Every structure is written in structure tokens, then in C-alpha cells.
Asks: 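I have a structure here, written as C-alpha cells, and I will follow up with some questions on it.
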Amino acid sequence: MNITLVAVGKVKEGYFRDAIAEYQKRLSRYCRLELIEVADEKTPDKAPEALESLIKQKEAERILKNVKEDAYCIALAIDGKKYDSVSLSKHLDQLALSGKSSIVFVIGGSLGLHQDVIKRADETLSFSDMTFPHQLMRVILLEQLYRCYRISNHEPYHK
């Protein structure tokens with residue numbers, strides 16, 4: 001399985017980079033993982049709605065350049081479908097069994113995702129009704145992917 005994570009912005013904090021590197025290493029025995037960071041737009045405080053929309057559109061263009069046409073795209077969005085870990089593992093197994101060999105997960109920037117990305121996505125996924133920093137969300141997603149592979153392979157993993 002080829003998994004690509006396309007995310008807006010750079011990970012600045014070393015502890016997030018360390019956690020991401022750890023899960024990259026762990027996932028390497030299960031899949032081919034590629035992490036792509038696209039530039040974020042500076043958002044002024046109290047930006048008008050029209051400017052926020054323009055910013056999201058620019059970020060969307062950068063994201064969509066990195067989503068291959070034949071890839072199955074899962075956009076992380078607060079109103080997306082929620083799974084528990086076992087259900088997500090089964091869902092990813094089903095995607096693989098149905099011939100989806102390339103999955104792209106998309107994490108937006110601080111303003112979220114533009115509708116163009118949501119329209120391109122084959123599905124949206126939510127980890128919670130809460131909002132998480134997009135840098136932390138990368139760690140959470142990678143940890144859950146690792147957990148999914150452990151579940152699929154009937155390997156132990158802490159609860």
C-alpha cells in the first residue's frame with residue numbers, strides 16, 4: 001500500500017518532528033509512506049471572509065497538485081465520518097481489497113480545507129468534533145495508521 005500525507009504548512013516543533021519520524025519508521029514495515037508539506041499562506045488576524053476564502057483556495061491548489069488522479073483521497077474534516085480504530089482498520093483493509101493501492105490523506109491549514117479539496121476527496125474523515133493543531137494532527141493520523149496496521153496483522157498494541 002502506498003500512503004501519502006499531504007499537509008499544509010511545516011512542522012516547526014522538534015517534538016512533533018520526532019514523533020512523526022518515529023511513526024514513519026514504524027510504518028515502513030507495513031506500507032510505503034510519503035509526507036508532503038505544501039506552503040501555507042499567512043493569515044492576518046481578523047481577516048475578512050473573502051480573504052480567508054482566497055487563502056484556502058491558494059492552499060487547495062497546492063494540495064491538489066499533489067493528489068494523483070488515480071489515488072483514493074481522504075480529507076480530514078471536522079464534519080467527516082468518524083471511526084473507532086478497529087473500524088478504520090477494517091475500512092482501510094477493504095480499500096486495499098477493492099484495488100485501492102494508493103491512498104492520500106489531506107490535512108488542511110489553520111483555516112481548514114477549501115471546497116475544491118472536499119469535492120476531490122473520495123471521503124472525509126473526522127477524528128473528533130474538537131479542533132486540533134494541524135501539526136499535532138499529523139502525529140495523531142500517523143499513530144492511528146500504525147495502530148490500524150497492527151490490528152490488521154493481529155499484532156498486539158497498547159490500548
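Because the structure is a prediction, the values reported are computed rather than measured. Residue numbers run from 1 in the order of the sequence given.
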Asks: Measure the shortest side-chain to side-chain distance between Ile20 and Val139 over non-hydrogen atoms and say whether it is less than 4.5 angstrom.
Replies: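 SC-SC contact between Ile20 and Val139 confirmed.
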Asks: For Lys100, which of Leu92, Asn2, Asp70, Leu95 qualifies under side-chain contact (heavy atoms from CB on, under 4.5 Å)?
Replies: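 Option passing the side-chain contact (heavy atoms from CB on, under 4.5 Å) with Lys100: Leu95.
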Asks: My understanding is that only residues two or more places apart in sequence, or in another chain, count here; which of them pass side chain to side chain contact (heavy atoms under 4.5 Å, CB included) with Gln94?
Replies: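 Checked Gln94 against side chain to side chain contact (heavy atoms under 4.5 Å, CB included); matches are Leu97.
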Asks: Using the side chain to side chain contact (heavy atoms under 4.5 Å, CB included) criterion, which residues pair with Leu64? Sequence neighbours excluded.
Replies: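 Result, side chain to side chain contact (heavy atoms under 4.5 Å, CB included) vs Leu64: Asp116, Val117, Arg120.
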Asks: Between Glu22 and Arg26, does any NZ, NE, NH1 or NH2 come within less than 4.0 Å of an OD or OE carboxylate oxygen?
Replies: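 Judged by the 4.0 Å cut-off on N to carboxylate O distance, Arg26 and Glu22 do form a salt bridge.
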Asks: Taking atom CD of Glu155 as the centre, report whether more than 12 heavy atoms of other residues, nucleotides or ligands fall under 6.0 Å from it.
Replies: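 Counting other residues, nucleotides and ligands, CD of Glu155 exceeds 12 neighbours.
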Asks: Looking at Arg32 and Ile3, would you say the former's side chain and the latter's main chain have a donor-acceptor pair under 3.5 Å?
Replies: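 It does not hold such a pair.
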Asks: Out of curiosity, Glu143 CD to Ser85 OG, how far, rounded to the nearest 0.5 Å?
Replies: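 That separation rounds to 7.0 Å.
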Asks: Apply the test side-chain contact (heavy atoms from CB on, under 4.5 Å) to residues Thr124 and Leu113: give CA-CA distance (whole Å), side-chain angles for both, the deciding distance (0.1 Å), then the verdict.
Replies: CA-CA 11 Å; Thr124 56; Leu113 292 169; over 6 Å; no
Asks: Roughly how far apart are Ser53 OG and His114 NE2, rounded to 0.5 Å?
Replies: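 Going from OG on Ser53 over to NE2 on His114, the span is 4.5 Å.
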Asks: Hey, does Leu142 have a side-chain heavy atom less than 4.5 Å from the side chain of Leu33?
Replies: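 With C-beta onward as the side chain, the pair touches.
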Asks: Would you please classify the geometry between the Tyr83 ring and the His91 ring as parallel, tilted or perpendicular, with 30° and 60° separating the classes?
Replies: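 The arrangement is parallel - the two ring planes meet at less than 30°.
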Asks: Return each pair, listed once, that meets side chain to side chain donor-acceptor pair (under 3.5 Å) where at least one residue sits in residues 128-142; pairs must be two or more places apart or across chains.
Replies: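 Listed by first then second residue: Glu37-Arg138, Lys82-Asp129.
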Asks: Regarding Glu52 and Lys56, does a basic nitrogen lie under 4.0 Å from an acidic carboxylate oxygen?
Replies: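 The answer is no: the pair does not qualify as a salt bridge.
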Asks: Does Ser152 use its side chain to pair, donor to acceptor, with the backbone of Cys148 at less than 3.5 Å?
Replies: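 Checking the backbone N and O of Cys148 against the side chain of Ser152, a donor-acceptor pair under 3.5 Å is found.
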